[in-house]
Each structure stands twice: as structure tokens, then as C-alpha cells.
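Here the structure comes first, spelled out in C-alpha cells, and everything after it is commentary.
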Amino acid sequence: MEQLPGGRRPPLVSTLGLGRRSWEVTLDEERGRLAWRDPRPPRRGSENCFVPTSEIIAVEETEFNKKQRNTGKWQKMAKPHAFTVYYVKKARNHRWRCSDVTFWCVDEHLCNQWIQALKELLEMQKCRPKHLLVYINPYGGKRQGKRIYEQKVAPLFSLASISTDVVITEHANHAKDNLFEVNINKYDGVVCVGGDGMFSEVMHGLIGRMQKDSGIDQNNPKAPLVQCNIRIGIIPAGSTDCICYSTVGIADPVTSALHIIVGDCQPLDVSSIHHNNTFVKYYVSLLGYGFYGDILKDSEKKRWMGPMRYDYSGFKTFLSHHYYEGTISFQPAKHALGSPRDKDRCRTGCYICKESEQQLAEQHKTCGLNHEEDEEWKVIKGKFLAINAVNMSCACPRSPKGLSPAAHLADGSADLILVRKCSRFDFLRYLVRHTNHDDQFDFSFVDVYRVKSFQFTSKLSEDNESSVTDIGKKRFGQFCRDHPVCCCNIANSTWNCDGETLDSSAIEVRVHCQLMKLFARGIEENCKDEAAYSHSSVEQLL
Ligand SMILES: CCCCCCCCCCCCC/C=C/[C@@H](O)[C@H](COP(=O)(O)O)NC(=O)CCCCCCCCCCCCCCC
Ligand SMILES: Nc1ncnc2c1ncn2[C@@H]1O[C@H](COP(=O)(O)OP(=O)(O)O)[C@@H](O)[C@H]1O
Ligand SMILES: [Ca+2]
């Protein structure tokens, strides 16, 4: 076939049947779209449709069934030839569905030409995965992981000619351990079916494997980690599904399967946690001490309740109203362009993430990684109801805007939210603002900082000489004088790290810019959806 400069072909334009009518169908490689237009003079109800070629899922030759043959004017014609194009249809609230359209014509050669052209176009989409490794946690969320995968996801993968090796996990850490053994180069990506905990397992397997293969010691908090280029896809089947919701805009298995099929790629910041120069864990969504740590600890005993356990434990923890004393020292993320109080959110193709990544790379080139230690540390001592460090907005169905609505997925920074001791009523007002449009940082007892690293020690462990903040204390003697130490401490809380508890309370955290990649594209801009959740009735009551 004739080619345009750059190897592109001229548009393929034909008059094809769609339903009972003839349509002008165009496959335009240069504009990257398949369009079909009713050629009759425009009138009410006549449609023009198009699909970006990057969102075509599959093309198949179709047998016309009897029903179709018995309708329409072409009833008396020779047997028509037909093909079906499966494509992504975008519905409300970031939901994607697989839709299809069947075109027909009498000319067999023309039909084959279309099928061939569409297949070649699909072949050219190099970012699409062909072979995937799938881990299913059958016990996550409402224990529907296996059913969700088999009924909603596997048929789409097979339609898109994606082959899979499926592992149904038999115990915790099964997926993680398995990732250290498999021939990972065989796969174009790894899919986890489950919640944030299951994602965390797969991520630890992949990042750990990557560092091991490259001879990097994860116990060294300053080690420059090797980026993980194998993408992870998340099929949400857990209790919170915050990582999926915050990177796709909805926790919906079909939507996520389609993002995997079209080969989307979203880089993601990952933070590492160390205790006394020993690696503890990585996290990508929430690292929370106090409120969210206590909820998690209590909820683990109530797993049988399913996702409801978090509401039950949330209510209990809210009533207990515990606060914790400790010291936080952090390094502000000076390279990051945004701030946590920005009105603009991280959206598909976010320029703040791109620019911040470049700034950070520039800094590392000119000053090296060790120079970071000499940069300014801010130290804050106080009594806190919650300390939340979030790498992303942490939007989820319970809170569609999340814990930090303006946090970025891939800017090399985390938002550190400090909620100081306040009344139960004030804390409730703060919580409720996670569910409506009001600013949850606009309280005197809430502070938020964009950071690239931080350390924490609880008051209980502060006297321990080996604690990480003692080192911080010696070096940065400045403490916040507005919030003096109080002696009425209760006990330590627990850290909630992407939904898993940590054993140590004294920790050292560092954000690694874009350490890994997801099959996602961030949240797409869509004004219709922003208005989808309005002021909650609870807030109106307060
Ligand atoms: C009064 C309503 C207040 C609603 C406040 C909602 C804030 C929700 C923010 C949720 C941030 C979630 C961050 C993500 C954490 C996940 O990584 C992690 C693991 O997920 P996985 O189980 O899928 O593996 N999930 C969690 O740690 C669970 C967090 C649970 C948050 C539930 C909060 C409910 C709070 C209810 C307070 C009730 C007060 C009522 C007073 C009358
Ligand atoms: N087969 C299994 N049996 C028990 N636990 C498992 C299994 N597979 C994975 N897990 C663990 O279950 C935990 C929670 O999984 P997750 O999918 O996040 O569900 P949820 O969102 O309900 O917490 C994770 O820590 C994971 O390591
Ligand atoms: Ca970030």
C-alpha cells in the first residue's frame, strides 16, 4: 500500500454499512483515529463518532447472524461481509467499558482490507502488553477476587489476545516470594487482583527483585534505587483500593482491565522506610501514625467483616480520641513545583510531575545524593491525633478527593499532614471535609508540608540513643516552641503502611521519584465528574 512520509499510510475511507444505513468510515493513522459519519445532510439525531486508535481493543471478522440478515434493505443482497471493532467507551466518573461496532459491506476484499489495516494498527501499539503474570488474592475485600478476574477481566484479556500465567495466592507473601523466583523477563507486566495490601506485596517483590539483581543493598537508606520498568496493573478487589482509585479515578475492575490492555503507563513515586539502618518497607499511598494506624490495628482482628471493618474500627478509634507525642523532622521538597494547598490537582500528563522530576534529576547531577543530608531540616515536636504522609492524594470511594487532594503521583515528594491534638468535634469537622469540597487543611490544628524525606520518633522511644531522631536532634537543635512537650503520654501507636502495620515506631522515610510504573494514565480531566460529589449532608448539619 502507498505510504506517506514517516511510514504512515493515507487515510482509508470507505462507505460501509452500520445497522441499516451506510456510513462514511475513515481510518486515519496520522490523526490516530477511527471515525464513522452519517453522510446524509445533518439533521437532529444524526451522529458522528470516533475512537482514538490507541483505544481500540480488538478487531474480529464477524458472521452476520440471521436476525441481522432479515432486517434492512440489503436482505435481498448477496451475503455481506462484516467485521467488529471493540473499543473503549468512556462513561461517567472515569468508568471505561468495552463497546463494539460492526461494519459490513458486500465486497469481501474491502472487508478484509479493513480488518488487515486495523490489525496492523493494533500491532503497531508497542506499549501494549502481550504476556502478563497475574496474582489473585482470593481473600481480599469481599473475597470476590477470583470471580472478578474470571468473569470480568479474563474475557477482555483474551479478546485483546493477551496471554496470562495466573497464580492464585495460598498465603500472605506468596506473590512477593514468587516474584523473586520467576523468569520475570518473560512478561510485559504483572497484574495484582486484590487491595492495596496485595499491590504492596507485588510491588515489594518487583522492587526487591530489581535491587537484588542489580546488587543494591536495600538496608542502606541512601542507596540510589534502580527503577522498576515492569508495569503493575491493579484489578481492584480489596477493601479500600485507594491506589487504584487515585491513579485511575475509579475502583472498577473492567476499567482497570482496559487500562492494562491499551498499555497505559503512569510513573509512581515510592517511599522507603528504614529503622536503625535496616530496611522496613516501601509504600505508595498512606503511611499513617495515630488515627489510621489505630484503625488498621483494630480492624485486623475483624477481617471477617470485610471492608466494613474499617468503618467499625474508624468509629471506635474516633471515639477513643487518642493522641501521641513525638518529634518529626523533615526536609521540604524544594524541587517540587506545586504545594499541598494548590487548587490544581495531579491529572493525566501532569506537567508538575514532569517538571519536578527534571528539577530533581538536575539537582542530583550537580550536587549528588549525599549533598541532600546538608539541606535544611525542619523539626516539629508535639501531640498529634494523626501523622499522615501520603505519596498520592489517597482518593478512594470513602473520600473521592483523598487525604491530600493536590498531592502528585510522580513528583518525587510526599505530603506530610500533621493533625494536632484538638477536640473530638474539631476532629470530626476535619474528617468530614474529606468527603466534600471544603479545604481540610484550613484548620489551626492541621499543618501540611510537601517533603522529600522525614523522620519520626515517638516520645516513648526518644530517650533511646539509637533512635533516628536523636541524630536529627543533635544536628538540628531547633524545636518548635509553640507546642511544648507534655508529660501525659499514653502509649505508642502503630504505623499504617499501605494497609500493613509496621513493628517499629521510630522510622526514617525517603521519597524515590518515579521508582515504578503502573498500567494507568492518572486521572483524566473531566469537569462533569468533578461536580459528581456535592456537599455531604453531615457537613451541612455541623
Ligand atoms: C464522618 C465521615 C468521615 C470519613 C472520612 C474518610 C476519610 C477516608 C480517607 C481514607 C484514606 C485511605 C488511605 C488508604 C489506605 C489503604 O492503603 C489501606 C489499605 O487498603 P486495603 O484494605 O485495600 O488493602 N486502608 C486503610 O488503611 C483503611 C483506612 C480506613 C479509613 C476509614 C475511615 C473511616 C472513618 C470513620 C470515622 C467515623 C467518625 C464517625 C463519628 C460520628
Ligand atoms: N492467599 C492468601 N491468604 C491470606 N492472606 C493473603 C493471601 N494472599 C494475599 N494475602 C495478604 O492479604 C493481605 C490483604 O490483602 P488485600 O488484597 O489488600 O485485601 P484487603 O483490601 O481486604 O486488605 C495482604 O497483606 C496480602 O499479603
Ligand atoms: Ca508524590
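What you see is a predicted model; the values in this text were computed from it and never measured. Atoms within each ligand, like the ligands themselves, are counted from 1 in listed order.
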Side chain to side chain donor-acceptor pair (under 3.5 Å): which pairs involve residues 166-178, sequence neighbours left out?
Tyr135-Asn178

Which bit of Ile243 gets closer than 4.0 Å to ligand 1, counting heavy atoms only: side chain, backbone, both or neither?
neither

Residue part near ligand 1, for Asp498, under 4.0 Å between non-hydrogen atoms:
backbone

What side chain to side chain donor-acceptor pair (under 3.5 Å) pairs are there with at least one residue in residues 403-417, not counting sequence neighbours?
Ser404-Asp415, Asp411-Ser413, Asp415-Arg450

What I want to know is whether Gly197 and ligand 1 share at least one N or O pair that is separated by under 3.5 angstrom.
yes

Is there a donor-acceptor contact under 3.5 Å linking the side chains of Arg309 and Ser239?
yes

If we set the cut-off at 4.0 Å for heavy atoms, which region of Ser239 has an atom near ligand 1: side chain, backbone, both, or neither?
both

For the Ca ion (ligand 3): the N/O/S atom of Asp269 at shortest distance:
OD2

For Ser393, enumerate each residue passing the side-chain hydrogen bond (donor to acceptor under 3.5 Å, both in side chains) test, keeping only those at least two apart in sequence or located in another chain.
none

State, yes or no, whether a side-chain contact exists between Met203 and Met516 at a heavy-atom distance under 4.5 Å.
yes

Stepwise ring pair (Phe, Tyr, Trp, His ring centres under 6.0 Å) test for Phe291 and Phe318
CA-CA 8 Å; Phe291 188 64; Phe318 170 79; 7.3 Å; no

Quick check on the 6.0 Å ring-centre criterion: do Trp495 and Tyr292 meet it?
no

Determine whether the side chain, the backbone, both or neither of Ser299 has a heavy atom under 4.0 Å from any heavy atom of ligand 1.
neither

Check: every ligand 2 N/O to protein N/O pair under 3.5 Å:
{"from": "ligand 2", "atom 1": "1 (N)", "to": "Thr169", "atom 2": "O", "distance (Å)": "2.9"}
{"from": "ligand 2", "atom 1": "1 (N)", "to": "Thr169", "atom 2": "OG1", "distance (Å)": "3.1"}
{"from": "ligand 2", "atom 1": "1 (N)", "to": "His171", "atom 2": "N", "distance (Å)": "3.3"}
{"from": "ligand 2", "atom 1": "8 (N)", "to": "Asn137", "atom 2": "OD1", "distance (Å)": "3.3"}
{"from": "ligand 2", "atom 1": "8 (N)", "to": "Thr169", "atom 2": "OG1", "distance (Å)": "2.7"}
{"from": "ligand 2", "atom 1": "12 (O)", "to": "Asn137", "atom 2": "ND2", "distance (Å)": "3.4"}
{"from": "ligand 2", "atom 1": "15 (O)", "to": "Asn137", "atom 2": "ND2", "distance (Å)": "2.9"}
{"from": "ligand 2", "atom 1": "17 (O)", "to": "Asn137", "atom 2": "ND2", "distance (Å)": "3.0"}
{"from": "ligand 2", "atom 1": "17 (O)", "to": "Gly195", "atom 2": "N", "distance (Å)": "2.7"}
{"from": "ligand 2", "atom 1": "18 (O)", "to": "Gly197", "atom 2": "N", "distance (Å)": "2.8"}
{"from": "ligand 2", "atom 1": "18 (O)", "to": "Met198", "atom 2": "N", "distance (Å)": "3.1"}
{"from": "ligand 2", "atom 1": "21 (O)", "to": "Ser239", "atom 2": "N", "distance (Å)": "2.7"}
{"from": "ligand 2", "atom 1": "21 (O)", "to": "Ser239", "atom 2": "OG", "distance (Å)": "3.4"}
{"from": "ligand 2", "atom 1": "22 (O)", "to": "Gly141", "atom 2": "N", "distance (Å)": "2.8"}
{"from": "ligand 2", "atom 1": "22 (O)", "to": "Ser239", "atom 2": "OG", "distance (Å)": "2.6"}
{"from": "ligand 2", "atom 1": "23 (O)", "to": "Arg303", "atom 2": "NH2", "distance (Å)": "2.9"}
{"from": "ligand 2", "atom 1": "23 (O)", "to": "Arg309", "atom 2": "NH2", "distance (Å)": "3.1"}
{"from": "ligand 2", "atom 1": "25 (O)", "to": "Glu500", "atom 2": "OE1", "distance (Å)": "3.2"}
{"from": "ligand 2", "atom 1": "25 (O)", "to": "Glu500", "atom 2": "OE2", "distance (Å)": "2.8"}
{"from": "ligand 2", "atom 1": "27 (O)", "to": "Glu201", "atom 2": "OE2", "distance (Å)": "2.3"}

Pair Tyr449 + Phe454: ring centers closer than 6.0 Å
no

Give the atom numbers and elements of ligand 1 that come within less than 4.0 Å of a heavy atom of Gly499.
17 (O), 18 (C), 19 (C)

Can you list the ligand 1 atoms lying under 4.0 Å from a non-hydrogen atom of Cys396?
10 (C)

For ligand 1, which atoms sit closer than 4.0 Å to a heavy atom of Asp241?
23 (O)

Is Lys421 positioned over the aromatic face of Tyr323, cation under 6.0 angstrom from the ring centre and no more than 45 degrees off axis?
yes

Looking only at heavy atoms, is any part of Asn496 under 4.0 Å from ligand 1, and if so is it the side chain, the backbone, or both, or is it neither?
side chain

His408 atom (N/O/S) at minimal separation from the Ca ion (ligand 3):
O

Do you know which N/O/S atom name in Asp411 is closest to the Ca ion (ligand 3)?
OD1

If we count only N and O atoms by modelled type, under 3.5 Å, do the side chains of Thr247 and Gln266 hold a donor and an acceptor together?
no

Who's closest to atom 39 (C) of ligand 1 heavy-atom-wise, of Phe199, Tyr310, Phe318?
Phe318

Is it the case that the side chains of Asp264 and His259 hold a donor-acceptor pair, with the cut-off being a distance below 3.5 Å and no angle test?
yes

Quick one: does Tyr292 get an N or O within less than 3.5 Å of an N or O on ligand 1?
no

Between ligand 1 and Thr435, is the shortest N or O to N or O distance under 3.5 Å?
no

With Tyr283, which of Val390, Val270, Asp498, Asp196 fulfils side-chain contact (heavy atoms from CB on, under 4.5 Å)?
Asp498

Would you please test Phe456 and Tyr289 for ring pair (Phe, Tyr, Trp, His ring centres under 6.0 Å) and show each step?
CA-CA 10 Å; Phe456 173 80; Tyr289 190 80; 4.7 Å; yes

Quick one: angle Ser413 O - the Ca ion (ligand 3) - Asn391 O, to the nearest 10°?
110°

When rounded to the nearest 0.5 Å, the distance separating OH of Tyr324 from NE2 of His322 is 5.5 Å

